[in-house]
Visitor: 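Quick one: the structure is below, questions incoming.
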Amino acid sequence: MKLSDSDALPADPLEEEGRYVIVLKIGGNELDDEAFLFGLVQAVKSLQRDGKSPIIVHGGGKTIADFQKRLGLETRFIEGLRVTDEDSLDVAEMVLSGLMNKRIVRRCVNEDVRAIGISGVDDGTVFVEKMWHPLGDLGRVGEVQDVETGLLTTLLEAGIVPVISPISVGAYDGLSYNVNADHVAAAIAAAMRAIKLIFISNVPGVLIAGRVVRGITADQCEEWIAEGSISGGMVPKVRSAVDAVRRGVTQAVITNLAGVQEDGGTSIIGTAG
């Protein structure tokens with residue numbers, strides 16, 4: 001049945017302007033490297049010159065662990081997920097939404113890129129529920145339930161790069177939660193109808209037999225995870241990439257900073273056929 005004008009899907013103002021959203025997810029380990037930050041901002045500027053609208057989502061796990069140690073707090077994990085009690089949540093929020101977030105924004109501003117640092121809490125951008133795990137209580141760790149795009153769209157329309165900490169707000173209790181930054185990046189990319197989500201890693205892409213694979217379908221990713229060809233820290237990145245493309249993101253890419261600038265890395269696309 002043909003849609004009437006009144007039934008048509010609302011137009012995306014960014015698409016109407018010919019500007020397309022690209023989400024860049026960066027890990028916390030790279031944020032201690034000034035050369036990396038300089039290269040990141042140059043990549044952002046290049047994307048903007050090409051008519052793209054970048055959004056940056058960042059982590060900061062290593063620095064959180066460093067501050068926990070300084071404060072005498074124990075760092076615990078359950079199957080790779082950080083256990084976040086009340087004290088640890090305070091540290092995570094200070095590090096992610098403060099120190100690490102402003103480090104990126106400051107570098108952007110110093111290189112004449114307009115940027116604003118926010119977290120998922122701001123304007124209720126990312127709503128979560130407490131994440132439950134069969135092996136134990138993760139504390140204040142959240143699982144993304146919804147993304148409100150209003151603030152992000154307003155910033156992008158003004159030519160401002162949102163730099164997003166993954167600290168988010170509880171949908172039912174209004175508390176702050178620590179959330180995996182890969183999951184936040186995937187959810188934001190899907191909600192913003194991004195044409196590309198790029199996970200910037202310290203490796204050039206997904207390595208199979210020592211070589212970067214240029215393209216993988218979502219189904220192939222799961223097969224290679226099951227057989228152990230994809231393992232370790234690459235597994236959550238690949239699964240977040242698969243989740244993003246299944247939610248409508250055109251393309252998810254895992255690469256390093258050089259790959260962003262050279263359009264390299266490994267692309268994850270929807271199931272073939």
Side-chain angles (χ1 to χ4, degrees), residues 21-50 52-69 82 91-119 155 160-167 178-186 188-189 194 196-207 212 232-238 240-241 244 251-268:
V21 175
I22 292 182
V23 177
L24 305 173
K25 189 275 168 177
I26 56 178
N29 292 345
E30 289 80 16
L31 298 181
D32 292 330
D33 185 345
E34 287 296 325
F36 173 87
L37 288 173
F38 177 79
L40 173 67
V41 177
Q42 299 315 304
V44 166
K45 293 170 81 169
S46 177
L47 291 172
Q48 290 180 320
R49 285 193 297 269
D50 289 341
K52 306 300 190 299
S53 294
I55 295 173
I56 297 172
V57 179
H58 66 86
K62 178 178 178 294
T63 305
I64 293 171
D66 290 345
F67 272 81
Q68 285 180 307
K69 184 176 180 180
R82 183 186 300 274
V91 174
E93 190 155 20
M94 287 187 291
V95 169
L96 290 168
S97 300
L99 179 64
M100 309 309 280
N101 189 272
K102 300 313 172 190
R103 184 175 294 175
I104 301 168
V105 172
R106 184 174 64 248
R107 172 56 77 173
C108 287
V109 171
N110 287 342
E111 299 294 331
D112 297 320
V113 171
R114 297 183 69 196
I116 286 180
I118 65 171
S119 74
L155 293 174
I160 299 171
V161 177
V163 179
I164 305 172
S165 150
I167 298 293
N178 192 15
V179 187
N180 183 292
D182 288 350
H183 298 170
V184 170
I188 287 175
K196 187 181 289 189
L197 166 60
I198 305 176
F199 293 92
I200 303 177
S201 180
N202 58 356
V203 294
V206 176
L207 301 175
V212 174
M234 187 58 70
V235 171
K237 283 186 171 49
V238 168
S240 293
Q251 181 186 28
V253 177
I254 298 173
T255 189
N256 56 14
L257 189 56
V260 177
Q261 298 164 331
E262 299 165 3
D263 198 25
T266 300
S267 296
I268 287 84

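Keep in mind that the numbers below use all heavy atoms, side chains included, and drop hydrogens, waters and symmetry copies. Numbers here are sequence positions counted from 1.
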Visitor: First locate atom CD of Glu262, then atom CG of Asn256, and finally report the distance between them rounded to the nearest 0.5 Å.
Guide: 8.0 Å
Visitor: Would the distance check show the side chain of Ser46 and the main-chain N or O of Gln42 forming a donor-acceptor pair, the cut-off being under 3.5 Å?
Guide: no
Visitor: Report the distance from atom OG1 of Thr266 to atom CE of Met234, rounding to the nearest 0.5 Å.
Guide: 7.5 Å
Visitor: For the side chain of Asn180 and the backbone of Asp182, is there at least one donor-acceptor N/O pair under 3.5 Å apart?
Guide: yes
Visitor: Ignoring hydrogens, what is the shortest heavy-atom contact between Ile116 and Val105? Give both atom names and the distance.
Guide: C-CG2, 4.0 Å
Visitor: Given the rule in the side-chain contact (heavy atoms from CB on, under 4.5 Å) test, do Lys196 and Asp263 qualify, once you have shown the distances and angles that lead to the verdict?
Guide: CA-CA 11 Å; Lys196 187 181 289 189; Asp263 198 25; 3.3 Å; yes
Visitor: Provide the closest heavy-atom pair for Val161 versus Pro54 in the form atom of the first, atom of the second, distance.
Guide: CG1-O, 3.6 Å
Visitor: Measuring from atom CD1 of Ile55 to atom CD1 of Ile164, what distance do you get when rounded to the nearest 0.5 angstrom?
Guide: 5.5 Å
Visitor: Give me the atom names and distance for the closest heavy-atom approach of Val184 to Pro166.
Guide: CG2-CB, 3.9 Å
Visitor: Does any non-hydrogen side-chain atom of Ile104 lie less than 4.5 Å from one of Arg107?
Guide: no
Visitor: Ignoring hydrogens, what is the shortest heavy-atom contact between Ser240 and Ala186? Give both atom names and the distance.
Guide: O-CB, 3.7 Å
Visitor: To the nearest 0.5 angstrom, please state how far the CG atom of Leu47 sits from the CD1 atom of Ile198.
Guide: 6.5 Å
Visitor: So how far is it from Asn178 CG to Ile167 CD1, rounded to the nearest 0.5 Å?
Guide: 4.5 Å
Visitor: Quick check: closest heavy atoms across Leu257 and Phe36, and the distance to 0.1 Å?
Guide: CD2-O, 3.5 Å
Visitor: Could you pull out all residues at least two apart from Asp112 that satisfy side chain to side chain donor-acceptor pair (under 3.5 Å)?
Guide: none
Visitor: Kindly say whether Glu111 contributes a backbone atom to a donor-acceptor pair with the side chain of Lys45 at under 3.5 angstrom?
Guide: yes
Visitor: List in chain and number order the residues that pass side-chain contact (heavy atoms from CB on, under 4.5 Å) with Ala185, two or more places apart in sequence or in another chain; answer none if no residue qualifies.
Guide: Val23, Lys25, Val57, Leu197
Visitor: Can you tell me how far CD1 of Ile56 sits from CD1 of Ile26, rounded to the nearest 0.5 angstrom?
Guide: 5.5 Å
Visitor: State, to 0.1 Å, how close Val212 and Pro204 come at their nearest heavy-atom pair, and which atoms those are.
Guide: CG2-CG, 3.7 Å
Visitor: Would you be so kind as to tabulate the donor-acceptor pairs closer than 3.5 Å made by side chains of residues 95-103, with sequence neighbours excluded?
Guide:
unit_1 : atom_1 : unit_2 : atom_2 : d
Ser97  : OG     : Ser165 : OG     : 2.9
Asn101 : ND2    : His58  : NE2    : 3.2
Asn101 : ND2    : Ile118 : O      : 3.3
Asn101 : ND2    : Val163 : O      : 3.0
Lys102 : NZ     : Gly117 : O      : 3.3
Arg103 : NH1    : Leu31  : O      : 3.2
Arg103 : NH1    : Asp32  : OD1    : 2.9

